[in-house]
Amino acid sequence: MPDNKTKYIFVTGGVTSSLGKGIISASLAKLLQARGYSVTIQKLDPYINVDPGTLNPYEHGECYVTEDGAETDLDLGHYERYLDSPTSQANNVTTGRIYQHVINKEREGAFLGKTVQVIPHITDEIKRRVRLLGRTGKYDIVITEIGGTVGDIESLPYIEAVRQLKWDPEVDCIVIHLTLVPYLSTSGELKTKPTQHSVKMLQESGVQADVLVLRTEQPIPEDVKKKVALFCNISQDAVIESANAETIYEVPIFMQEEKLDQVVLKKLDLPGKQEPDIEEWKAFLAKLKNPKRSINIGLIGKYIELKDSYISIHEALIHAGAKNDTAVKVHWIHSEGLEKENIADKLGGLDGILVAPGFGERGIEGKIAAVEYARKQKVPFLGICLGMQCAVIEFARHELGLMGAHTTEIDKNCPDPVIFLMEEQKTVTDKGGTMRLGAYECKINPNTKAAKAYGKELIKERHRHRFEFNNKYLDQFKEKGMIASGINPGGGMVEIVEIEDHPWFVGVQFHPEYSSTVLNPHPLFVEFISAVIKENHRELAVKEN
Ligand code: GLN
């Protein structure tokens, strides 16, 4: 399919940030996909980091890793969870990456004699990146979400690129603009002025929105929609209400009711093909909303103040819960405050314990204490990346008697480096994009908990780490009952550990949460939840932490 057959949809936001552009983009993509179109979603991020891998999760939430090893914005996680198809580096572009490319070209002499400028050089590079996905020939529709809010200085080159693309005869595109319609309870009114200003601001940059999605906490009456349409140069059918949903997975259904997909197809001059086939999605929603039981899972991490730091883990728990007809109540527990003395108090009411990924020293002893509690109390346990490494350290200290066991990430000269720097990392000095990243194969040993979960021998999972299990200790661990149940076939790296004499205790060096989707919940999460259910025939009281 030539690029000029691919249609482009830009999603911009105004009035405030955090309106949920990612969820609206993913929901629209879902509906279009369900009509038989091949769709992908791209995120353009206006910050100057080359990728979010060097950002603290407090700043920007989780760093999501694609199969091809790109460290990307967490919205890509939503795209994959909704569409059930993988994204790649091409699906996330930052200002840093754009400038880096243009400046490298300038150094190579690609623009010799010319002044390199935002327009056209930066905007040309933005446009090239947008069309890259279309040019693969794989997609009928590319949805490009523009991060930030219209009016931000750093968004300007992106909006300018959209303006240019709207006038490009080779490109067929529309713009969806998301705004907020606040409700003033004192006057009992919905206010459209911020939306009008936001649309006007977009117009000042030469871009006319084709569709408006209005985020609201109150139903928007027809006459208000009519008014918005009139003031904003938009047809009335293209003013879409986006009400608060109980769960983000309801939004595609809301958008279908609002006919967002129909309006978009009409504006793009594309046929409806068929009514969206979202039966499986609805079946998931039905299970999600009508659970047979409820369980309490403790998520032990150190970035819990910003829940977006662990968003893929949270969603994977929700998917796996629904698959098991179970509501998962996630308790966010700070690892920093956890100590042997208070652990029973803090973790006592939990049915399952998950120790999260992470970096650095802060909170690590709390994570190790949580592992010890889960292991000894026989509480189902899942450790992810640093969580798995903590499980290894805890076992070494308390079962192998290696009290000085640690990871060399924290203690370079510890007597027993059961977790140590990977060989390939020893010469690495740069911090950006240099971890072991992306999907690698893992061979699963038969008759293990991992084998039962996956039901196959060879799997592929995504990674993001520099440290690994030290194979020198493998036999000692095995002797005491912690086995390596998954090994990287090429390099011999331990990818999965588990304890045989425990209801369910699994640690994984990789990140299963990245590949859990609504239609395909991750098997490890599904097994974890089902182990929790098996262990707890009683209903435990919800314990707030
Ligand atoms: N800090 C650990 C490592 O680099 C774990 C990383 C993680 O949890 N993603 O190996």
Side-chain angles (χ1 to χ4, degrees), residues 51-58 60-67 69-72 74 77 299-304 306 308-314 316 335-336 353-368 370-371 381-394 396 405-412 414 417-440 442 461-471 473 484 486 488 491 493-497 506-516 522 524:
D51 60 47
T54 51
L55 279 169
N56 188 318
Y58 283 130
H60 205 68
E62 167 189 286
C63 173
Y64 183 79
V65 179
T66 57
E67 276 181 0
E71 295 180 291
T72 70
L74 61 83
L299 198 164
I300 323 292
K302 69 168 173 180
Y303 307 115
I304 58 159
L306 184 67
D308 272 357
S309 307
Y310 302 112
I311 186 148
S312 290
I313 294 178
H314 181 263
S335 54
E336 244 183 328
I353 290 174
L354 190 154
V355 176
F359 296 85
E361 186 166 16
R362 191 168 62 88
I364 197 162
E365 289 302 326
K367 285 186 173 177
I368 294 170
V371 173
F381 168 86
L382 177 59
I384 300 179
C385 208
L386 184 64
M388 170 266 200
Q389 298 176 352
C390 287
V392 169
I393 296 165
E394 192 279 322
H406 219 321
T407 161
T408 55
E409 179 179 1
I410 313 297
D411 183 357
K412 266 203 173 70
C414 63
V418 287
I419 303 290
F420 68 168
L421 194 64
M422 301 180 73
E423 194 54 40
E424 66 194 44
Q425 287 287 327
K426 290 191 175 147
T427 49
V428 172
T429 49
D430 281 4
K431 291 282 181 248
T434 55
M435 285 188 236
R436 179 178 182 229
L437 289 166
Y440 288 93
C442 170
E461 292 284 3
R462 303 180 205 181
H463 296 69
R464 183 174 188 247
H465 64 117
R466 296 187 201 279
F467 296 83
E468 63 164 331
F469 185 96
N470 184 345
N471 279 338
Y473 294 91
N488 172 273
M493 282 85 86
V494 172
E495 307 283 31
I496 313 177
V497 296
V506 176
V508 288
Q509 185 56 77
F510 48 79
H511 291 262
E513 71 274 22
Y514 291 146
S515 47
S516 180
H522 194 284
L524 277 179

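Both counts, for ligands and for their atoms, begin at 1 and track the order of listing. Position 1 is the first residue of the sequence; numbering continues from there. Below, each value reflects all heavy atoms present in this structure, side chains not excepted, and no hydrogens, waters or symmetry copies.
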One pair to check against side-chain hydrogen bond (donor to acceptor under 3.5 Å, both in side chains): Gln389 and Thr407. What are the steps and the verdict? CA-CA 8 Å; Gln389 298 176 352; Thr407 161; 4.7 Å; no

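- With contacts defined as side-chain heavy-atom distances shorter than 4.5 Å, the pair Met435/Phe359 qualifies.
- Exactly one residue among Glu71, His463, Arg462 makes a side chain to side chain contact (heavy atoms under 4.5 Å, CB included) with Leu437. That residue is Glu71.
- No donor-acceptor pair closer than 3.5 Å links the side chain of Lys302 to the backbone N or O of Glu336.
- Taking a heavy-atom cut-off of under 4.0 Å, ligand 1 is surrounded by Pro357, Gly358, Phe359, Cys385, Leu386, Gln389, Glu409, Arg464, His465, Arg466, Phe467, His511.
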Working for side-chain hydrogen bond (donor to acceptor under 3.5 Å, both in side chains), residues His465 and Glu409: CA-CA 11 Å; His465 64 117; Glu409 179 179 1; over 6 Å; no

Salt bridge (Lys or Arg N to Asp or Glu O under 4.0 Å) evaluation trace for Glu495 with Arg436: CA-CA 12 Å; Glu495 307 283 31; Arg436 179 178 182 229; 2.8 Å; yes

